[in-house]
Amino acid sequence: MAETEFELFNNQLLQQLVGPNDDNLHLVEEILNVEITTFGNRIHIKGKEQNCQKARQAINDLYIKASRGILIDEQEIKAAIRMNNKDKKDAPAEKNINLSEIVLKTKKRHIYPRSQMQAKYILEMMNNELVFGLGPAGTGKTYLAVALAVSMMLEGKIDKIILSRPAVEAGENLGFLPGDLKEKVDPYLRPLYDALYEMLPSEQVDKKLAAGEIEIAPLAFMRGRTLSNAFVILDEAQNTTPMQMKMFLTRLGENSRMVVNGDLSQVDLPRGSTSGLKDALYTLKNIKGITSVTFSAEDVVRHGLVSKIVLAYEKKQKEEND
């Protein structure tokens with residue numbers, strides 16, 4: 001058993017951090033199996049040495065977030081613990097990086113990584129022209145890519161955001177669906193709209209969509225174009241064919257970057273078809289400037305049950321394969 005004690009000097013921030021009836025500290029205790037007591041501005045932690053250090057770092061990180069006006073709730077607490085609860089091999093490789101300083105600034109909110117892999121993913125997107133984001137739903141792949149795109153547009157680093165995904169449920173043949181073109185494709189692109197409206201006021205999103213500064217379109221509409229000065233995101237990329245993926249990747253123009261996201265365990269292509277995402281990862285694995293980040297169920301940042309659901313399905317699939 002080990003003990004550690006430290007002091008936080010701002011009483012108002014400390015109250016936000018500990019929560020009503022010390023509920024936030026109780027959650028830290030439950031997750032990390034430590035005992036936390038407070039004496040005025042001093043916090044005392046008792047438990048296994050490694051867990052004490054994780055708890056102290058998580059509390060310090062939450063204190064910093066509170067100082068920035070971020071509401072300290074259950075999700076933030078779990079995120080702070082997750083950021084300090086992974087192996088060193090999962091941490092971003094950049095030296096002297098303070099993970100709490102990684103922030104994507106949009107009009108409606110500032111977005112921080114909620115796991116080591118999210119931090120690595122953000123840094124890879126910042127430093128590379130083509131990034132593959134791999135892993136299950138709920139790990140923030142598309143959300144963070146859209147956040148970085150919006151942040152770069154607001155900073156004047158790009159002129160356009162292009163968001164795309166294959167409408168595989170309609171076989172890329174949308175003609176039989178009712179309504180005009182927008183009404184036909186919107187159901188498949190709704191998650192991309194949702195991310196945008198969380199980061200920009202609705203009137204700004206609508207204005208930029210009308211002006212063509214933000215474009216949301218099915219993958220088939222990318223053919224024959226060169227995408228320059230743009231941030232281009234392909235979502236649900238596991239549902240592309242190798243030819244579609246090649247077509248999309250070769251759209252990359254000057255001063256642009258691409259993020260290609262997908263989950264290879266959720267391929268909806270006809271049985272026997274090769275996923276363009278899987279094919280691209282193999283074909284492009286040795287090219288400098290192209291990198292990939294792989295998330296796991298532990299990185300799921302949605303409701304706590306989502307991570308357990310993903311793990312259960314992964315276990316079932318492994319048993320079936322064995």
Enquirer: With a sphere of 6.0 Å drawn around CE of Met243, does it hold more than 12 non-hydrogen atoms of other residues, nucleotides or ligands?
Expert: no
Enquirer: Would you say Asn128's side chain and Val131's backbone share a donor-acceptor pair under 3.5 angstrom?
Expert: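 Judged by distance alone, no pair lies under 3.5 Å.
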Enquirer: Just by distance, do the side chain of Arg257 and the backbone of Met126 share a donor-acceptor pair under 3.5 Å?
Expert: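 Yes, Arg257 side chain to Met126 backbone: donor-acceptor pair under 3.5 Å.
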Enquirer: List for me each residue that meets salt bridge (charged side-chain N to carboxylate O under 4.0 Å, His left out) alongside Arg114, sequence neighbours excluded, and say none if there are none.
Expert: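 If we apply the salt bridge (charged side-chain N to carboxylate O under 4.0 Å, His left out) test to Arg114, skipping adjacent residues, the hits are Glu76.
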Enquirer: With Glu3, which residues qualify under salt bridge (charged side-chain N to carboxylate O under 4.0 Å, His left out), at least two apart?
Expert: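 For Glu3 there are no salt bridge (charged side-chain N to carboxylate O under 4.0 Å, His left out) partners, ignoring immediate neighbours.
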Enquirer: May I have all residue pairs that pass salt bridge (Lys or Arg N to Asp or Glu O under 4.0 Å) and include part of residues 142-153, sequence neighbours excluded?
Expert: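 Matches after skipping sequence neighbours: none remain.
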Enquirer: When you measure from the side chain of Ser273 to the backbone N and O of Leu269, does any donor-acceptor pair fall under 3.5 Å?
Expert: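 Not confirmed, Ser273 side chain does not pair with Leu269 backbone.
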Enquirer: Side chains of Thr294 and Tyr121: does their closest heavy-atom pair fall under 4.5 Å?
Expert: no
Enquirer: So, Asp61 and Gln57: side-chain donor and acceptor under 3.5 Å apart, yes or no?
Expert: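 Side-chain D/A pair, Asp61 to Gln57: present.
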Enquirer: Could you go through residues 142-151 and list every donor-acceptor pair under 3.5 Å that involves a side-chain atom there, pairing it with any protein atom two or more places apart or in another chain?
Expert:
residue : atom : partner : partner atom : Å
Thr142  : OG1  : Asp235  : OD1          : 2.6
Tyr143  : OH   : Glu198  : OE1          : 3.3

Enquirer: Could you note down all residue pairs passing salt bridge (Lys or Arg N to Asp or Glu O under 4.0 Å) where residues 140-149 supplies at least one of them, sequence neighbours left out?
Expert: none
Enquirer: Please enumerate all residues that pass side chain to side chain contact (heavy atoms under 4.5 Å, CB included) together with Glu129, with sequence neighbours excluded.
Expert: none
Enquirer: If every non-hydrogen atom of Cys52 is compared with every non-hydrogen atom of Ala2, which pair is closest and at what distance?
Expert: SG-O, 3.5 Å
Enquirer: Please tell me whether Phe39 and Ile36 are part of a single hydrophobic cluster in this structure, the criterion being side-chain heavy atoms less than 4.5 Å apart.
Expert: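 Different hydrophobic clusters.
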Enquirer: My understanding is that only one of Leu27, Leu17, Leu25 makes a side-chain contact (heavy atoms from CB on, under 4.5 Å) with Ile77; could you say which?
Expert: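 Going through Leu27, Leu17, Leu25 one by one, the side-chain contact (heavy atoms from CB on, under 4.5 Å) with Ile77 is satisfied by Leu27 alone.
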Enquirer: Please answer whether the main-chain N or O of Ile158 pairs with a side-chain N or O of Asn229 as donor and acceptor at a distance below 3.5 Å.
Expert: no
Enquirer: If you look only at pairs with a residue in residues 238-256, which of them pass as a salt bridge (Lys or Arg N to Asp or Glu O under 4.0 Å), with sequence neighbours excluded?
Expert: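 Sorted result for residues 238-256: empty, none.
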Enquirer: Would you compute the distance between atom CG of Leu252 and atom CE of Met258 and round it to the nearest 0.5 angstrom?
Expert: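 Those atoms lie 5.0 Å apart.
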Enquirer: Can you name the nearest heavy-atom pair linking Val259 to Met125, along with the distance?
Expert: CG2-SD, 3.6 Å
Enquirer: Mind listing the closest non-hydrogen atom pair of Met1 and Lys48 along with its distance?
Expert: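 So the minimum-distance heavy-atom pair works out to SD-N, 4.4 Å.
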Enquirer: For Tyr63 and Leu13, run side-chain contact (heavy atoms from CB on, under 4.5 Å): C-alpha distance rounded to whole Å, both residues' side-chain angles, the deciding distance at 0.1 Å, then the answer.
Expert: CA-CA 7 Å; Tyr63 184 76; Leu13 293 179; 3.8 Å; yes
Enquirer: Are Asn41 and Leu14 close enough that some pair of their side-chain heavy atoms sits under 4.5 Å apart?
Expert: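 With C-beta onward as the side chain, the pair touches.
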Enquirer: Taking atom CD as the centre, does Gln12 end up with more than 12 heavy-atom neighbours from other residues, nucleotides or ligands that are less than 6.0 angstrom away?
Expert: no
Enquirer: Would you name the heavy atoms of Met117 and Val293 that are closest together and state the gap between them?
Expert: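 Smallest interatomic distance, heavy atoms only, reads CE-CG1, 3.5 Å.
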Enquirer: Suppose we screen for salt bridge (charged side-chain N to carboxylate O under 4.0 Å, His left out). Which residues come up paired with Lys157, at least two apart in sequence or across chains?
Expert: Glu155
Enquirer: Who are the side chain to side chain contact (heavy atoms under 4.5 Å, CB included) partners of Lys108, not counting sequence neighbours?
Expert: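 With sequence neighbours excluded, Lys108 shows a side chain to side chain contact (heavy atoms under 4.5 Å, CB included) to Pro201, given in chain and number order.
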Enquirer: If you define the side chain from C-beta out and look only at heavy atoms, does anything of Phe231 sit under 4.5 Å from Met153?
Expert: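 The answer is no, as the side chains (C-beta and beyond) never meet within the 4.5 Å cut-off.
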Enquirer: I'd like to know if the side chain of Thr139 and the backbone of Asp299 have a donor-acceptor N/O pair within less than 3.5 Å.
Expert: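 Side chain of Thr139 to backbone of Asp299, a donor-acceptor pair under 3.5 Å: no, none is there.
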Enquirer: Gln50: which residues meet the side chain to side chain contact (heavy atoms under 4.5 Å, CB included) condition with it, sequence neighbours left out?
Expert: Lys54
Enquirer: For residues 208-222, which side-chain donor-acceptor pairs fall under 3.5 Å, sequence neighbours excluded?
Expert:
residue : atom : partner : partner atom : Å
Lys208  : NZ   : Glu213  : OE1          : 3.1
Glu215  : OE1  : Lys160  : NZ           : 3.2
Glu215  : OE1  : Arg225  : NH1          : 3.4
Glu215  : OE1  : Arg225  : NH2          : 3.0
Glu215  : OE2  : Arg225  : NH1          : 2.7

Enquirer: Nearest 0.5 Å, what's the CD1-CG distance between Ile161 and Leu192?
Expert: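 Output value for this atom pair is 11.0 Å.
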Enquirer: Taking it one step at a time, do Ile111 and Val103 satisfy side-chain contact (heavy atoms from CB on, under 4.5 Å)?
Expert: CA-CA 6 Å; Ile111 297 161; Val103 56; over 6 Å; no
Enquirer: Only pairs at least two apart or in different chains count here, so list each side chain to side chain donor-acceptor pair (under 3.5 Å) that has a residue in residues 20-34.
Expert: His26-Glu29
Enquirer: About how many Å separate CG of Asn10 and OG of Ser67, when rounded to the nearest 0.5 Å?
Expert: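 Going from the OG atom of Ser67 to the CG atom of Asn10 covers 8.5 Å.
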Enquirer: Do the non-hydrogen side-chain atoms of Met245 and Val260 ever get within less than 4.5 Å of each other?
Expert: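 Sidechains of Val260 and Met245: in contact.
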Enquirer: Would you call Lys78 and Glu74 a salt bridge, taking side-chain N to carboxylate O under 4.0 Å as the test?
Expert: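 The answer is yes: the pair qualifies as a salt bridge.
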Enquirer: Taking all non-hydrogen atoms of both residues, which atom of Thr106 and which atom of Leu154 are closest, and how far apart?
Expert: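 Minimum heavy-atom separation between Thr106 and Leu154: CA-CD1, 3.8 Å.
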Enquirer: When rounded to the nearest 0.5 angstrom, what distance separates OG1 in Thr38 from CD1 in Ile45?
Expert: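 Reported to 0.5 Å precision, the distance equals 11.5 Å.
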Enquirer: Taking atom CG of Leu234 and atom CG of Leu249, what is their separation to the nearest 0.5 Å?
Expert: 8.0 Å
Enquirer: Could you go through Asn239 and Val267, starting from their C-alpha distance and side-chain angles, then the distance that decides it, and tell me whether this counts as side-chain contact (heavy atoms from CB on, under 4.5 Å)?
Expert: CA-CA 6 Å; Asn239 290 326; Val267 177; 4.2 Å; yes
Enquirer: Could you measure the distance from the CZ atom of Arg42 to the CZ atom of Phe9? Nearest 0.5 Å is fine.
Expert: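 Here the rounded value is 8.0 Å.
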Enquirer: Taking the side chain as C-beta and beyond, is there a heavy-atom pair between Tyr112 and Gln118 under 4.5 Å?
Expert: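 No. Closest side-chain heavy atoms not under 4.5 Å.
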Enquirer: Do Leu130 and Tyr282 share a hydrophobic cluster, counting only Ile, Leu, Val, Met, Phe, Trp and Tyr and linking them when any side-chain heavy atoms are less than 4.5 Å apart?
Expert: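 Different hydrophobic clusters.
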Enquirer: Can you check side-chain contact (heavy atoms from CB on, under 4.5 Å) on Asn60 and Leu8, steps first, answer last?
Expert: CA-CA 8 Å; Asn60 279 326; Leu8 300 174; 3.8 Å; yes
Enquirer: Give a yes or no on whether the backbone of Leu277 and the side-chain of Ser275 come within a donor-acceptor separation of less than 3.5 Å.
Expert: yes
Enquirer: Check whether Leu71 and Met199 end up in the same hydrophobic cluster, where Ile, Leu, Val, Met, Phe, Trp and Tyr are linked by side-chain heavy atoms less than 4.5 Å apart.
Expert: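 The answer is no; the residues belong to distinct hydrophobic clusters.
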Enquirer: Restricting to non-hydrogen atoms, name the atom on Gln238 and the atom on Asp263 that form the minimum distance, rounded to 0.1 Å.
Expert: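 Answer, listing the atom of Gln238 first, then Asp263: OE1-N, 3.0 Å.
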